[in-house]
Structure formats: C-alpha cells, structure tokens
Number of protein chains: 2
Amino acid sequence: MAYLAWPDACPSVTYLKQPRGNGTLSGFFQTKPLENIHAGQAVFWEGDEASNAVQVVHGVLRLYRILHDGRRAIVGFAFQGDVRGVAFHGSYLYTAEAVTEAAVRRLSCRHLHNSAAEDLILRQEIFGAISNEMSQAQEQIVMLGCKSAEERVASLFLMIARKTTNLLADTVEIGVPMTRLDMADCLGLTIETVCRVVAKLKRMNLVSFTGRNHAIIHSVRALAHFAGDDLGLYATPSLAS
Amino acid sequence: MAYLAWPDACPSVTYLKQPRGNGTLSGFFQTKPLENIHAGQAVFWEGDEASNAVQVVHGVLRLYRILHDGRRAIVGFAFQGDVRGVAFHGSYLYTAEAVTEAAVRRLSCRHLHNSAAEDLILRQEIFGAISNEMSQAQEQIVMLGCKSAEERVASLFLMIARKTTNLLADTVEIGVPMTRLDMADCLGLTIETVCRVVAKLKRMNLVSFTGRNHAIIHSVRALAHFAGDDLGLYATPSLAS
DNA sequence: CGTTGAATTGAGAGATTTCAATCCATGTGG
DNA sequence: CCACATGGATTGAAATCTCTCAATTCAACG
C-alpha cells in the first residue's frame, strides 16, 4: 500500500488544481477565524439567507435537503478544501452539517463579491469554486440517473478517494466517516442495499475494511471499471499509458 | 381552462423574478444576434471550452451527458429565458441541444465577467443566473434520489408548467416538446415506465393529452400532491390561503 | 397508401425495497 | 471488569417496483 489518506490528513485533490495558500480566495479565508463544528452540528440551514461562503478546513460535511414528508436527499459531501455557498444568490439550497468533528471558515458573500470587482484572479477563483460545486452536482445527477446500485456504491468510494488522496498509487486507503444511512441517502438507495453491495465488493476483493470507517481500495482501476467510470479520471502516473 | 401556455408563448416564470428587458444581463444579450437552432442541433458540447454563456430566446434545449458506454443522462432542460453556461469555469459540463426549433443568443464569458467588475447590478444578475442553474440541478438530484417513478413523471410536468406558465390558475395547458426517451433519460427511467405512468395519470384524470406534445394539467395542486411536492410552490394567487 | 419511427401495452424477469431477525461495537452503570 | 443497553450494521426471505423483451398501435410523412 502506497499512500495513507485519512480524510483530514491531506488537502483535497480537486482543490490542489487551484493555486493554494498564495491564491487570493484561500488567502481571504485564511484571514477568518477557524470555527470548530461538532459532529451533527449544522454549518448553515436550507432556506436561510445565503450570506456567507464556507471553506472546509478539516472534516467532512453532508449537504442535504429534506422533503416535506421527511425523506432526506444528501446532495453531496464537502471535504477538506471544498468551498460551498458561493453559488447561491438568495438562500441556501441545502443544509450543511458536520459528519465528523470538523472546522470551517466563513466569508461574507457581499464582501467577497465586492473584492472580486477589483481582482481578476479572485474572480477566476470564485468561478472555479462555483464550477467545482456545479461539477459535483452534475456528477451526482449522472450517478442517480444512470447507474445501478453496485456502480453507485463503487462511485462513492472512488469519489472519496479522489477527494482525499492524490491517487498516486492504484491501492489507496480511505476514510469513510459517513454512516450507511448517509451513504444510502446520497446514493438513492436503502441502508440494506448499501450493505449488501459493500459485502459484495468485499467478497470480490475490490475493497476491504479495517474498522467501520476505514477502507482499503485494492485497485482503484478495477473499482473504477466496476463503477462504470471512465478510467482516465483515475489513471495513476505510473500506470497511465 | 384558464391559461394557455405553449412553451414559446410566454416568458419563463423563473426569469420574470429578475428584472427583464431593462436588466443589464438581458440588455447585454439583446445586443447579440439571434441564432436559430434546428431541432436536434447542438448549441455547445460537453468538454468544449466554456467561452460563452447562452440565453434561450425561444424553444427548449435538452442538457445531457453521455457515459463512455453510451448511456445518456439528461441533467435538465432549458426553457425560454433561461441562461446557461455562466457557472462553468473551464469546459462545458454537458451538451446543450435543441429539442425543437429554437433560438439563442451567445455572450462571451470573458466579456461578461469584465463588465461585471464595474457593474453591481450585472454581478447580481449573473449570480442570480448561476443560482437558478444550481437550483435546477439540486431539484433534479432530489427527484432522482428520493422519488418514485410516478412522482418523477408528475414532477416533470409540474416543472414544465412552472417554467412556461404563470400558474395563475389551477388548470393549465402545457407543451411537452420532448420525446418519451428524453423524459426517460431525464427521470432515470425507461420509455415504457414513463408511458405507463403517463397512462395512469390520464386514467386518474390528473392530466389529459391533446396531441402528443400538448397536455392539460387538470389540477396543478392535485398533481403536486401526487408528485410529493410542497404545495406552496404551486399555490395560485386565488387559491393561496 | 405504405413506410417509418415513436408510443403504447402486456408478460415475465430482475433489481431493489421492505420487513424481520440477528449481529456487532460502543458506552454506561453496577 | 463485566453485564447490559443502545444504535448502527448485517443478513435473509418475501414483496414490490421497474426493467426487459416482444408485440401492437399510432401519427406523421413521402
């Protein structure tokens, strides 16, 4: 096994694609105080006025909407480095809640937009963040619209791997902090189906679990194939043709 | 029946919530030439550099992604007045293709963003457009993640009604320009299931069809109830408590 | 009037859910 | 330190929903 990647241990891969630390958006967030969020505590609520953008410093957030009859749809997860809430003009479209202990920084949208007026780089970074959020939503739609239960569960593990490891090796260790119910509500499945599929993935030796929240993907490529994903997304430098 | 609403006959309701005509974003688009798009012709392709934002002047676009094994996911439809492509930083996340004969105007994103630097109203309108697009994507995720086939089909008809009528009355006439395959690929179902559900809606007297692309929703409220939606979204002025 | 592609309907198969029972990990109190 | 209680996770069996495959109907068009 080549690379250990507990969610909090390394910056998100998607985020690394943007300038980090020295980038103005990150710089802006850096000036704001670190806010610790307990597991289960909300960062913002669906329907509230979307006055702040949030950056996840560590931990994982679940983003969800509740239907009036109580059903819950998890529209996505936010990992370390992810920025959420920039794309909302009026009110938040979902509730953001800490899965584990987490920490975030908040930034006033108005302040951000005003600063963006004078700063080209910042504008680009803001649109980059919006584009990231949009991209994740599209990914979710494709998964729910086209994929089988098995493909969905595999896709979720791969998503976690992409977000929390650099995918340098074909075998990666990932943290799976969310409960089976979280996974089910995100994948449009039931808890039981998620369990059965995970059991199957274990039987097929595609993944194994060391504790409930800690998994090893034995072959990212094989799992991606199983997920019906384009392998290009997961090609590792050493394996890429 | 109170209000006729063929898709091209009146401006989109969502769009009316923003200043129209005199608003700077619309104003910008107005300066651009009208581009006629034949049915089936693409406006932009997934993966192409997202250099332009597009406003639908009339007609309907289907927005879709193709998986590498050929499956198609329609991530949404764009109706008259909708603006798409503002939220993309790098490349387009989906292909946009005319369902019917349509017309659009294009606007350079770079131009738009530069102008936005000096214009507060324009900035707000841009974020409004992004927020609209994001909102539709979230809606889609909730539908695919939580709802049954029957609820999904009903939701689609209601979505069309919301986009193409003012919902002043409980009975509305809507255009359904897309094929059953389009509907199926948007709802994560098969053609046959869509057909059966539509047949059931007809049997229940919730909708009726006058021609293949033309339906009457006999009671928006009843259909919304059937769709598992919050009735508040559809309350008509006369019916609202 | 025949051809074509889309839409519809039926019957059987398959995937996922539901309901129920059991297992496991964790924390708490005695 | 152990027994027990608790909530999440797992597994099984039956029910249900949706899909697949096949046949038929319908509408548009040359």
Side-chain angles (χ1 to χ4, degrees), chain A residues 38-40 62 69-74 99-101 143-157 175-204 207-215 226-228, chain B residues 38-40 62 69-74 99-101 143-157 175-204 207-215 226-228:
Chain A
H38 294 300
R62 65 172 88 82
D69 64 355
R71 283 177 283 188
R72 182 181 71 160
I74 291 187
V99 172
T100 55
E101 295 293 305
M143 192 185 66
L144 294 172
C146 289
K147 294 192 176 181
S148 69
E150 298 184 349
E151 291 173 323
R152 292 183 203 182
V153 174
S155 295
L156 178 59
F157 287 153
V176 185
M178 58 289 281
T179 65
R180 294 287 185 259
L181 184 59
D182 287 335
M183 295 174 64
D185 285 353
C186 172
L187 301 175
L189 302 170
T190 59
I191 302 178
E192 295 94 328
T193 302
V194 171
C195 269
R196 278 184 255 269
V197 172
V198 169
K200 179 166 183 182
L201 291 177
K202 285 196 267 193
R203 276 198 304 279
M204 293 176 72
V207 302
S208 59
F209 276 73
T210 60
R212 232 160 217 181
N213 301 315
H214 202 197
F226 186 83
Chain B
H38 295 300
R62 63 176 150 260
D69 63 356
R71 283 176 283 187
R72 182 181 70 160
I74 291 188
V99 173
T100 55
E101 296 292 305
M143 192 186 65
L144 294 171
C146 289
K147 293 191 177 181
S148 69
E150 298 185 349
E151 291 172 323
R152 292 184 202 181
V153 174
S155 295
L156 178 59
F157 288 153
V176 185
M178 58 289 282
T179 66
R180 294 287 185 260
L181 184 58
D182 287 335
M183 294 174 62
D185 285 352
C186 173
L187 301 174
L189 302 169
T190 58
I191 303 179
E192 294 94 329
T193 301
V194 171
C195 268
R196 279 185 254 269
V197 172
V198 169
K200 179 166 183 181
L201 292 177
K202 284 195 265 193
R203 277 198 304 278
M204 293 176 73
V207 303
S208 60
F209 276 73
T210 60
R212 237 162 214 179
N213 302 314
H214 202 196
F226 186 83

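For clarity, every value in this text was computed on a predicted model and none was experimentally measured. Just the heavy atoms: all of them, side chains too, but no hydrogens, waters or symmetry mates, feed the values below. Below, read A as the first sequence line, B as the second, and so on, with proteins coming before strands; counting in each chain starts at 1.
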* To do: For B:Arg203 and for A:Glu150, find the nucleotide of DNA chain C with the closest heavy atom, then tell me which residue's nucleotide is more 5'.
  =>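 Nearest-nucleotide comparison on DNA chain C picks B:Arg203.
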
* To do: Quick one: label A:Gly211 by what it contacts on the DNA or RNA (base, sugar-phosphate, nothing), any heavy atom closer than 4.0 Å.
  =>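 Answer is nothing: A:Gly211 stays at 4.0 Å or more from every strand.
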
* Quick one: label B:Thr179 by what it contacts on the DNA or RNA (base, sugar-phosphate, nothing), any heavy atom closer than 4.0 Å. =>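 The residue B:Thr179 makes sugar-phosphate contact but no base contact.
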
Whole-Å distance separating the [atom1] atom of [X] from the [atom2] atom of [N]:
X	N	atom1	atom2	result
A:Asp185	C:dT17	CG	P	11 Å
B:Asn213	D:dC26	CG	C1'	13 Å
B:Met183	D:dC19	CE	P	13 Å
A:Arg212	D:dT6	CZ	C1'	12 Å

* State, to 0.1 Å, how close A:Thr193 and A:Ala149 come at their nearest heavy-atom pair, and which atoms those are. =>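 In this case the closest contact between A:Thr193 and A:Ala149 is CG2-CB, 3.8 Å.
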
Which nucleotide wins on minimum distance to the side chain of [X], given the candidates [options]?
X	options	value
A:Arg180	D:dG8, D:dT10, C:dA6	D:dT10
B:Glu192	C:dG5, D:dA9, D:dT20	D:dT20
B:Ala149	D:dT18, D:dT10, C:dT8	D:dT18
B:Thr190	D:dT20, D:dC26, C:dT16	D:dT20
A:Ala199	C:dT9, D:dT11, D:dC19	D:dT11
B:Lys202	C:dT8, D:dG8, C:dT17	C:dT8

* Asked: Roughly how far, to the nearest 0.5 Å, is the NZ atom of B:Lys147 from the CG atom of B:Leu187?
  ->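 Answer for the CG-NZ pair, B:Leu187 versus B:Lys147, is 10.5 Å.
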
* Asked: Do B:Leu181 and B:Arg72 have side chains that get closer than 4.5 Å, going by heavy atoms?
  ->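 Result yes, sub-4.5 Å side-chain heavy-atom pair found.
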
* To do: Could you tell me whether the side chain of B:Ile74 reaches within less than 4.5 Å of the side chain of B:Met178, counting heavy atoms only?
  =>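 No - every pair of side-chain heavy atoms lies 4.5 Å or more apart.
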
* Report yes if a donor N or O on one partner sits less than 3.5 Å from an acceptor N or O on the other, where the partners are the side chain of B:Arg196 and the base of D:dT20; otherwise report no. =>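 Side chain to base: pair found, below 3.5 Å.
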
